[in-house]
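Reviewing the structure listed below.
The chains referred to below are lettered A, B, ... by the order of the sequence lines, with proteins before strands, and numbering in each begins at 1.
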2 protein chains.
Amino acid sequence: MDQTGTIEKATDVLFHLHRQAAGCGISEIGRALDIPKSSVHRLLAALASRGLVEKDEAGRYRPGIALLALGLGVLEREPIVQVARPILERLAVTLGETCFLVAARAGRLRVLEKAEGTGFLRAAPQVGAEVPHQVTAAGKLYLALAPESLSATDNAPQSRAEGIAVERALRQVREQDLAWNRDEWIAGLSVVAAPVRMGERLLGALALALPSAALAERDGGELEQQVKAAAAKTSDRLNGLGLPHSSVDPLPIDPR
Amino acid sequence: MDQTGTIEKATDVLFHLHRQAAGCGISEIGRALDIPKSSVHRLLAALASRGLVEKDEAGRYRPGIALLALGLGVLEREPIVQVARPILERLAVTLGETCFLVAARAGRLRVLEKAEGTGFLRAAPQVGAEVPHQVTAAGKLYLALAPESLSATDNAPQSRAEGIAVERALRQVREQDLAWNRDEWIAGLSVVAAPVRMGERLLGALALALPSAALAERDGGELEQQVKAAAAKTSDRLNGLGLPHSSVDPLPIDPR
DNA sequence: TTTATTGTTCCGATATATGGAACATCGTAT
DNA sequence: ATACGATGTTCCATATATCGGAACAATAAA
């Protein structure tokens, strides 16, 4: 993995800054990544010249705003996000709970968009964050419907008995065209997810997250229908488009 | 400015990809940035190894999802965004028009967060985008209250008469603690902005944007009050915090 | 004050990026 | 089918940008 190269090192520094909550000092980064101070200094100077990192008032380095524009640009060029956004928002308002969209990118599942619910206690996934395969609703959906789009790491179940149980669960997911996750990933958090498709291809998972306690007081079947309907609508609109990436107007007219 | 360096070249490639709506080919990038094909190839390979760029199905390069995580990380570590977000959302729902937050970063004004209105016709600024100084409500606020936080480029007015007019307008902004922009930047778009402060320091501008036609049918004074109130609330909450960057929980409790 | 740690600059040695050229691949027009 | 142009990819000798130790400056801590 240690193909030493300038760009690789620079991005490693970038990700290190990203992981740290507070700003970092040069020596600190050098120690963490095993790069001499002077090199870190030069890397940061280059990155700062383009706004990818910044120095805060204390002289410590943090990720820069240039990254913001680049990152959000990625979202803007995802047709599925454009299509799903208003649907997620409406569903979140209707149900009062957080809805989000997950899709496989580079073999990993990532949250592409979210619309938070209104509850005092509510799920707040981070856009751009990765979610695990085995213990999430979106993950099960992918394992059941499009495992090839996930990198194979740790997809292998531990024992034979587990393997059978997993395969059984996945078959159920395929039958229902829907996946649940109740407290498996995060205690107290339940999620339902339904597939967004283009033809046979799985493009993403539209998910509804709510506290498990809140789920107990609701009609699970109705939630399933709502999520399925939202996912289906997303699929339809996505397929309705001619699919030449629609550019985004500064003042879009949004017939929702 | 053309201090040739590997990192600089790589980020130039990144920004070039960002600007292009569709994916780019290697030769194309090389021509645009005046870099030989083979170098572009190598740069892209390095960037791709870290997920900063990706190849789409057609083999063309686009910005990668790694940028998404990095970019949104920038937002998450801005306390002012954390604080302003729910306030923006509520204001947008109340008024039915788009609200957004602008702040100076690295001498430039940028949209840090937004909450879109519900109108068929509505403003839809892009988070991360830059806004000009002279012809926007947020820009006027900064020019009047904290010009030192803007890079001085093109802040100088053209003629003496204009200079006086500008100074007069800025004085009014200072008196009202509020700035308007009616059709000055984008025809048909009007914006009111009020300052978010910490002590004397200007931290950002909370703005309300609506079609000028819609503004004509509303009580401008009431909008001013709403925006001022929202900005004041943001300031208060921001000052209420001890201001050690509050980390964000996966399941935050949000007492709004 | 001293001491320790950090940020910054300098510079020779060397590894690394460079870019021209040749090759491979594709799509298009002849 | 063939020729053509453009593109993505690989190779390699050369030049140069990166490396990293060391010395220095600027802090903060003792």
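Summarising the geometry, the separation between CG on B/L44 and P on D/dT7 is reported as 15 Å, rounded to the nearest angstrom.
Remark: the backbone N or O of B/G139 is paired with a side-chain donor or acceptor of B/T136 at under 3.5 angstrom.
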Check: Given the rule in the side chain to side chain contact (heavy atoms under 4.5 Å, CB included) test, do A/I87 and A/L101 qualify, once you have shown the distances and angles that lead to the verdict?
Finding: CA-CA 10 Å; A/I87 294 171; A/L101 177 74; over 6 Å; no
Less than 3.5 Å apart, which donor and acceptor atoms pair up between the side chains of residues 17-35 of chain A and the rest of the protein, not counting sequence neighbours?
{"unit_1": "A/E28", "atom_1": "OE1", "unit_2": "A/G25", "atom_2": "N", "d": "3.1"}
{"unit_1": "A/E28", "atom_1": "OE1", "unit_2": "A/R60", "atom_2": "NH2", "d": "2.8"}

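For B/A193, the side-chain contact (heavy atoms from CB on, under 4.5 Å) criterion is met by B/A137, B/L141, B/A205, B/A207, not counting sequence neighbours.
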Note to self: How would you summarise protein contacts on nucleotides 5-23 of chain C per nucleotide, using B for base, S for sugar-phosphate only and - for none, with heavy-atom distances below 4.0 Å?
What the structure shows: -SBBB------SSBBB---
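Here the rule is salt bridge (charged side-chain N to carboxylate O under 4.0 Å, His left out) with A/E78, and of A/R105, A/R85, A/R110 only A/R105 fits it.
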